[in-house]
Amino acid sequence: MSHEATLHTSHDAHGHHDHHEHHQSFISKYIFSMDHKMIAKQFLITGMIWAVLGGLMSVFFRLQLGYPDTSFPWLEDILGKWAKGGHITPEAYYALVTTHGTVLVFFVLTAGLSGTFANFLIPLQIGARDMASPFMNMLSYWFFFLAGVVMLSSMFVETGPFSGGWTAYPPLSALGSASPGSKTGMDLWIVAMALFVVSSLLGGLNYIATVLNMRTKGMSMTRLPLTVWALFFTAVLGVLSFPVLFSGFILLIFDRNFGTSFYLSDIFVNGVGALPNEGGSAILFQHLFWFLGHPEVYIILLPAMGMVSEILSTNSRKPIFGYMAMVGSMFAIAVLAFLVWAHHMFVTGLNPFLGSIFVLLTLLIAVPSAIKVFNWLTTLWKGNIRFTPAMLFAIGFVSLFISGGLTGIWLGNSSIDIHLHDTYFVIAHFHIVMGVASMFGMFAGIYHWFPKMYGRQMNNTLGYIHFWVTMAGAYLIFWPMHYEGLAGMPRRYYDYSIWESFKQFEGLNRFISIVVIIVFMVQLLFLLNFFYSIIKGRKLTKQNPWESNTLEWTAPIHPGHGNWPGEIPEVYRWAYDYGKDGKEFIPQNVPIGDDESHH
Amino acid sequence: MTMYLTLAVILLVFVVIFQIAKASEYVAVLKGEEQNRKQTNKINGFLMVAFLVLGLIGVWYCNKLYFSKTLLSIDAASIQGEKVDLMIWWTLGVTGVTFIATQIMLFVLAFKYQEKENRKVYFFAHSTFLEVLWTSVPAIVLTGLIVFGLKNWAFFTSEAPKDAIQIEVTGKQFGWIFRYPGKDATFGKKYFKVIDPASNSLGLIWKDSADLNLKDDPFSHDDIVTEGTMYVVKGKPCKLIIGSRDVIHDVGLSQFRLKMDAVPGIPTTMWFTPKYTTEEMKTITGNPNFQYEISCDQMCGNGHYSMKGVIVVVSQEEYNAWLAKQKPYYFSAFPEKAPAEKAADATITATATTAVIADSAAKK
Ligand code: HEM
Ligand SMILES: [Cu+2]
Ligand SMILES: [Cu+2]
C-alpha cells in the first residue's frame, strides 16, 4: 500500500503524468523497465521467440517421422552435423524433442503466458498502479532471460544439448556415460531450469502479493474478474510446487557431480562398467518431478481458462454463468492438482494400493473440469455473440479442452493407462488439452488485449485465417494420434521401420508432418500481423473497443507508468454486468443505480 | 535450387494473403465498423457449423481408415488384455457420447446466438439446479468407471498364480536379456558389480569373491539366459520379474495390453496369461510376419527406438522342446564344467537335462 502512496505523490509532484515519462532513458523504459506493462511485453516477445524456435524444432523432428527414408540435403546446410547426409541423426532427434518439450512447457506456456498476462492484467484489472514489487518483477524477467540464454547455449556444446526427454528422468539424465546429451548439455539444462525456477518464484510471489494487497477501493475478492482469479491460483500453484522441482534438481546435481546416490543404484553402464552407487531410488526423482509436473500443467492451463472466461462473457454480451462455481472449480482444480501426481507413474512399480488412491483423486479432477465446460456453454446460450478473433480462439479453446479432457479420463484409470502409457495416445491427450488449448488461450489473450497493449488494432482478416487454419490443423495433427496410441505406438521413437506392429502408420505420420508444416507457416502469418500492427496497425479510436466491463479499459489508450493519470477508479460491482436491465454493458466503476435490479 | 524456389513461392503467398487482409481492412473502415461486424459474424457463424459438420465427418472417416489398425479391432492376446479392452469400450462409450454432445452444443450455440440486431440477451448468471446437476452427473458416472477400473487394477497387480512360468527380464541399452530359473526353479543370486558383458551379462554369482563378500550361489549354475527372444506358453500364466542394468526402460507388450517399467535397483513384476500362440496370431491378424514385440516404452537413450524384444508364444510341448535345448549360462562361462557332448541330437539334450537334474540334486 505504501508503494501506491509513493507513486501517487510522485505523480502529484510531476503534475502531468506524461511529462514524467519523458524523463526516462531508453534503457530504463525498454530494457530494465519496472513498469508492469513493459515487463509484460518483454515476456510476451521473448516467449514468442521461444515459441518460434520450439515450433521450428518440431518441424525438424516431424520431418524425420514423416520422411524417415528421404534425404534432405538442405537440412545438412542448416543443421550441420545434426543432419549428416540430409537425415536428422538420432542424437539430434532426441535433442530436438527434449528441447521442444522443455521450451514450450516452461518458456512459452509458463513464462510466456503467465509472465505476459499476470503482469499486464493484474494491476490494470484490480486497479493498481503497478506490481507490489516492481523491482522483483524486473528481476523475474531477467532471470527468465538468463535461463533462455543458458538453454540456448546448451544447443552449441560439443556433446550436444540434453536429450533425455523434458521429464529428465535419472539415471539417464544423471549419467553422462549413458548418453552424450547428459554430459555438458545436461549441466546447462539444469542451470537454465534453476534460473527459470527463480524467475517463476519472483514473479509468482509478486502476483500473489499484488492481488491480495493492492486492489482498488471496492474491488473485493468476489468482484475480481476471472482472469485475475485464474492468474492468482496459477501463482499459488507455482510458488508451492516449483521449490519441490528445485530440490529434485539439487539432488540430481549432487548425483551428477558429487558422487551421491539419491537416484542411483545397481548400475552397470556399457563401456564403463559398474558404478559404485548403491541404495538410491530412481523413482524418487519422478515423485519430485511430478509433484511439480502435474500442478505445472494447470499452471499452464489456468491463465488460459481465466482469459477464455473473460473473453467468452464479453463477446457473448452476457454474464459468465456461475461465477462462484467458476472460482470454486478453479480452487478445486488447484487443490487436486497437488494430489494426483502419481498418475504419471502407474507403471513404475508404484504400490498398487497407492495407485488406486491416485486413480480416485485423478478422476475426481474431471468433475470441476466438467463444471467449467458446462458453465462456458451456458454462457454462450442466449447470448449475442460477436466473433472477434479473440472470441474464436476462446471457443476453440473450449472445444479442445473438451476433447483433451475426455482422454484424461481414459489415462486416469490405471487399468487403461497400463496399456496406453507412453504411447501416442498420451501425446494426443496432452497436446490437445494443454499444448494447443493453452496456446489458444494465449492467442485469445493477445488478440483481445493487443489494443490495450499497443493502442492499435490487429488485422482481423489475418486473425480469422490464423484461427481457422490452426483450429483445423490442431485436430488434423493430434486426433489421428489417438489411433496410433491405441495400436501401442510408443512415443519418443526416432524411427518405426523395424517394428512390425507400428510401421503401418508410416503414411499417417507423413500426413501429420505435412499438416505440421502448414500450421507452422500460419503461425508466422500471425507474427507478421502482430509485429506489423505494433507499428502500423489501425490506431485505436475508442478507449473501450470491446465494450468491456473490466477496469483496464478505463485507463487511457496509452496508459503511462501508474496506469491512471488521476485517481484510480473505484469499483462498485462485479465484472459481468452485460445485458443487465437491457443495458449493453455496465463497467465495474459505474455505481449501482437506484432502480437497478439484483441478480 | 528447389529450396529457394519453394521459399520464394511461400513468400509470395504470404505477401498476397497479407495484401488481401490489408485491403479488407480498408474496406471495413469504409463500410463502417457495425456493417463490417455483421458480415464477418455471418461468415464465422457459418464456419462454426461447417467446422462441426466437417469435423464429425472427419472423425468418422479417420475411424474408418484407422480403426482396423488399432488393437481394438483384434482380440486382446491375454486375459488381462481382454479386461483392458472392455474398460476402453466402456470409457469410450461414456466419453464418446459426452464428446459428441458437448461439441455439438458448443458450435451450434455459437452459430445460433451470433449477434443479431434486436436480440435481447438473457441475463442468466447463476442456477443452483443446473450447477448441482452437472456436478453430480459426472461424479456418478466417474464413480462407475473408477469402481470398474480399480477391480481390474487389483486383478492386474495381484500375485501371479503359483503355477506361473517365471522369467526374469532385464533391460539394458539397447536390448533385452531373459533368464529362466532352470530345473531347480530358483533364480540364482546376482550382483551388478560382477557383470561382464561378454560372459556374465547379468552378474550371476557363480564365483566366490572375497573383495565383494560374495559366495558362489549354486542356484545360478543352471539358470538359462537368452537375449532378444523369450518363449512363453499359451494358456499358462507367465510372471515377469523386471529389472534394468543401466537406466530406466519399460517392458511394453501392446498385444497383451500391458507394460511395466524396468528400474535399476528396484525389481518390478507383472503377470499375464497369453491366449494365442504366435502362429495363431498370424492367422487372426492376417499378417504372416506377425510377432509379439516388446517395445521399450521409456526413454532410455539414443537407441531407445531400436530396443526391441520378441516374445514367442507356443504350446506346452513346443516350449518343453525349446527349453530342453537351452544350455545353462554357467557352462558358456565355464565350458570345462559342462558335461561332455559330442553330437547334436536328442540324446545330448537328455544328457544335459540329466546333468542339470543331477546338478541340482547334488546341491540339496
Ligand atoms: C480430466 C482431467 C485429466 C485427467 C484425468 C488427466 C490424466 C492424465 C494422466 C493419467 C496422464 C498420464 C498418462 C501417461 O503418461 O501414461 C496424463 C498425462 C498428461 N496430462 Fe493429463 N489429465 C487431465 C487433464 C489434463 C490437463 C487439463 C492438462 C494440462 C493442462 C493435462 C496435461 C497432461 C500432460 C502434459 C501429460 C503428459 C506429460 C508427459 O508424460 O510428458 N492433463 N494426464
Ligand atoms: Cu498429471
Ligand atoms: Cu527405451
Side-chain angles (χ1 to χ4, degrees), chain A residues 74 90-91 165 171-172 178-179 265-269 274 282 317-319 322 325 347-349 352 356 363 367 370 374 377 380-387 395 398 402 406 409-410 413-416 418-419 422 459 461-462 480 483 486-488 490 492-495 500-501 504 579-580 599, chain B residues 3 21 24-25 41 44 62 66 69-71 84 87-88 91 95 99 102 105-106 109-110 113-115 119 121-123 125-126 131 134-135 138-139 142 146 149-150 152-153 157 173 192-193 195 245-248 254 257-261 263-265 268 289 291 293 295 297 299 301-302 305:
Chain A
W74 53 271
E91 292 74 23
L172 185 62
S179 170
S265 186
D266 297 23
I267 292 169
F268 177 95
V269 182
R317 315 307 300 153
K318 196 171 162 281
V347 300
T348 53
S356 307
L363 292 185
V367 175
F374 288 116
L377 292 177
L380 294 177
W381 180 61
K382 293 197 174 180
N384 202 18
I385 299 168
R386 297 175 181 169
F387 292 116
I395 293 172
V398 177
I402 293 171
L406 287 171
I409 295 175
W410 296 47
N413 228 329
S414 53
S415 45
I416 297 182
I418 199 169
H419 172 36
D422 265 355
N459 183 305
T461 310
L462 287 178
Y483 288 82
L486 283 169
R492 293 173 175 155
Y493 270 28
Y494 164 74
D495 181 15
E500 198 53 52
S501 321
Q504 47 174 338
K580 192 184 188 197
H599 58 75
Chain B
M3 160 119 168
S24 73
E25 195 172 37
N41 255 323
N44 283 302
C62 181
Y66 296 112
K69 296 191 173 186
T70 67
L71 292 168
V84 174
M87 285 278 321
I88 290 184
T91 310
T95 55
F99 171 80
T102 47
M105 268 197 273
L106 175 67
L109 286 174
Y113 295 104
Q114 59 182 286
E115 186 172 30
R119 180 181 296 114
V121 308
Y122 176 35
F123 189 87
H126 173 68
E131 283 161 85
W134 53 62
T135 310
L142 284 169
I146 291 171
L150 290 186
N152 285 332
W153 179 243
T157 54
Q173 286 179 324
F192 74 105
K193 285 189 182 166
I195 289 174
R245 220 169 73 171
D246 37 45
V247 301
I248 303 179
S254 51
R257 314 286 194 271
L258 293 172
K259 68 189 47 157
M260 182 53 77
D261 280 359
V263 185
T268 57
N289 299 322
Q291 283 182 326
E293 287 168 324
S295 52
D297 283 345
M299 178 63 199
N302 292 335
Y305 66 97

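The basis for the numbers below is simple: all heavy atoms, side chains too, and nothing from hydrogens, waters or symmetry mates. Chain letters run A, B, ... following the sequence lines, proteins first and then strands; every chain starts at 1. Quick caveat, the model's predicted, so the values are computed rather than measured.
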Exercise. For the residue pair N302(B) and S179(A), establish whether any side-chain heavy-atom pair is separated by less than 4.5 Å.
Key: yes
Quiz item: Got a sec, which residues hit side chain to side chain contact (heavy atoms under 4.5 Å, CB included) with S295(B), two or more places apart in sequence or on another chain?
Solution: P490(A), Y493(A), W499(A), F502(A), D297(B)
Practice problem: Can you measure from CG (L380(A)) to CD (Q114(B)) and round to the nearest 0.5 angstrom? | Solution: 12.5 Å
Self-check item: Among the listed options V121(B), V263(B), I88(B), the residue most often paired with chain A at heavy-atom distances under 4.5 Å
Solution: V121(B)
Quiz item: Counting heavy-atom pairs under 4.5 Å to chain B, which of I385(A), T348(A), D422(A) comes out on top?
Solution: I385(A)
Exercise. Specify the closest pair of heavy atoms between C62(B) and P480(A), including all atoms of both residues, with the distance to one decimal.
Key: SG-CA, 4.1 Å
Quiz item: Under a 4.5 Å heavy-atom cut-off, does chain A meet the side chain of E131(B), its backbone, both or neither?
Solution: side chain
Practice problem: Measure across L142(B) and L363(A) and return the closest heavy-atom pair with its distance rounded to 0.1 Å. | Solution: CD1-O, 3.3 Å
Quiz item: Measuring from I409(A):CD1 to I146(B):CD1, what's the distance to the nearest 0.5 Å?
Solution: 9.5 Å
Quiz prompt | Test item: F374(A) and M105(B) side chains (from C-beta on) under 4.5 Å apart, heavy atoms | solution = yes
Exercise. List for me each residue that meets ring pair (Phe, Tyr, Trp, His ring centres under 6.0 Å) alongside Y305(B), sequence neighbours excluded, and say none if there are none.
Key: Y494(A)
Self-check item: From R245(B) atom CZ to D266(A) atom CG, the distance as rounded to the nearest 0.5 Å
Solution: 13.0 Å
Practice problem: Report the distance from atom CD1 of I395(A) to atom CG of L106(B), rounding to the nearest 0.5 Å. | Solution: 6.5 Å
Quiz prompt | Region of N413(A) that comes under 4.5 Å of a non-hydrogen atom in chain B | solution = side chain
Exercise. Please look at T70(B) and chain A and tell me whether the side chain, the backbone, both or neither of the residue comes under 4.5 angstrom of a heavy atom of that chain.
Key: both
Exercise. May I ask you to name which of G265(B), G149(B), S254(B), A21(B) has the most heavy-atom pairs under 4.5 Å with chain A?
Key: A21(B)
Exercise. Could you tell me the separation between the CG atom of N152(B) and the CD1 atom of I418(A), rounded to the nearest 0.5 Å?
Key: 10.0 Å
Exercise. Would you name the heavy atoms of K69(B) and Q504(A) that are closest together and state the gap between them?
Key: NZ-O, 3.0 Å
Practice problem: Say whether, by atom type as modelled, one donor and one acceptor occur between the side chain of Q173(B) and the main chain of A178(A) under 3.5 angstrom. | Solution: yes
Exercise. Considering non-hydrogen atoms only, spot the tightest contact between S356(A) and W153(B) and give its length.
Key: OG-CD1, 3.4 Å
Quiz prompt | Donor-acceptor under 3.5 Å (N41(B) side chain, F387(A) main chain) | solution = yes
Quiz item: Among E91(A), K318(A), H419(A), who wins on heavy-atom pairs under 4.5 Å with chain B?
Solution: H419(A)
Practice problem: For each of I248(B), I195(B), T135(B), tally heavy-atom pairs with chain A at distances under 4.5 Å, and name the one with the top tally. | Solution: I195(B)
Quiz prompt | Heavy-atom pair count under 4.5 Å with chain A, highest-scoring of R119(B), Q291(B), H126(B) | solution = R119(B)
Quiz item: Angle class for the Y66(B)/Y483(A) ring planes (parallel below 30°, perpendicular above 60°, tilted otherwise)?
Solution: tilted
Exercise. Return the option, out of S265(A), G488(A), A282(A), with the maximum number of heavy-atom pairs under 4.5 Å with chain B.
Key: S265(A)
Quiz item: Taking every heavy-atom pair that is under 4.5 Å apart, which of G579(A), P319(A), A325(A) has the most such pairs with chain B?
Solution: P319(A)
Quiz item: Which atoms form the tightest heavy-atom contact between W410(A) and T95(B), and what is the distance?
Solution: NE1-OG1, 3.1 Å
Self-check item: Heavy-atom donor-acceptor pair, E293(B) side chain to S501(A) backbone, under 3.5 Å
Solution: yes
Exercise. Write down the atom of M299(B), the atom of L172(A), and the distance for their closest heavy-atom approach.
Key: O-CD2, 3.8 Å
Practice problem: Using a 4.5 Å cut-off on heavy atoms from C-beta on, say whether the side chain of V84(B) contacts that of S415(A). | Solution: no
